[in-house]
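A quick write-up on the structure given underneath.
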Amino acid sequence: MQLRSETLRDGPRAAQLDEGYATMRAGWTRPVEVCRDAGLPGGDVVAGPSARTMTATAQGFIVREALFGDVHPETLESGLRGLMPMGPQKPS
């Protein structure tokens with residue numbers, strides 16, 4: 001959080017942070033496209049917004065762990081499975 005506030009005063013840091021976010025979004029976009037093309041969770045899912053949401057979820061997980069130290073990956077996994085149920089896989 002402090003890094004993000006520092007970027008308001010430091011152009012090169014802001015550019016570096018924006019580049020990092022763009023890289024993370026790109027890294028999440030491809031798996032979303034692959035799952036969508038396979039019919040999971042559906043053909044109408046837009047990869048960009050889904051990638052941004054997954055990035056934000058990961059960031060929130062990291063911040064919560066840093067602040068409280070009580071977050072377990074299994075809890076995050078269980079919660080995400082409940083929010084985003086996927087149907088059975090289709091044979092390819």
**OP:** Quick one: pull up CD1 in Ile62 and CG in Leu67 and give me the separation to the nearest 0.5 Å.
**Re:** 12.0 Å

**OP:** Answer yes or no: are there more than 12 heavy-atom neighbours, outside Gln16 itself, under 6.0 Å from its atom CD?
**Re:** no

**OP:** Of all the heavy-atom pairs spanning Gln59 and Tyr21, show the shortest one and how long it is.
**Re:** NE2-CE2, 2.5 Å

Subject >> Sequence neighbours excluded - salt bridge (charged side-chain N to carboxylate O under 4.0 Å, His left out) pairs with any residue from residues 66-75 >> reply: Arg64-Asp70

Name each donor-acceptor pair under 3.5 Å that joins a side chain in residues 23-34 to protein atoms two or more places apart or in another chain, with its distance.
unit_1: Thr23; atom_1: OG1; unit_2: Glu19; atom_2: O; d: 2.9
unit_1: Thr29; atom_1: OG1; unit_2: Arg25; atom_2: O; d: 2.7

Subject >> Counterpart residues, side chain to side chain donor-acceptor pair (under 3.5 Å), relative to Arg52 (two or more places apart) >> reply: none

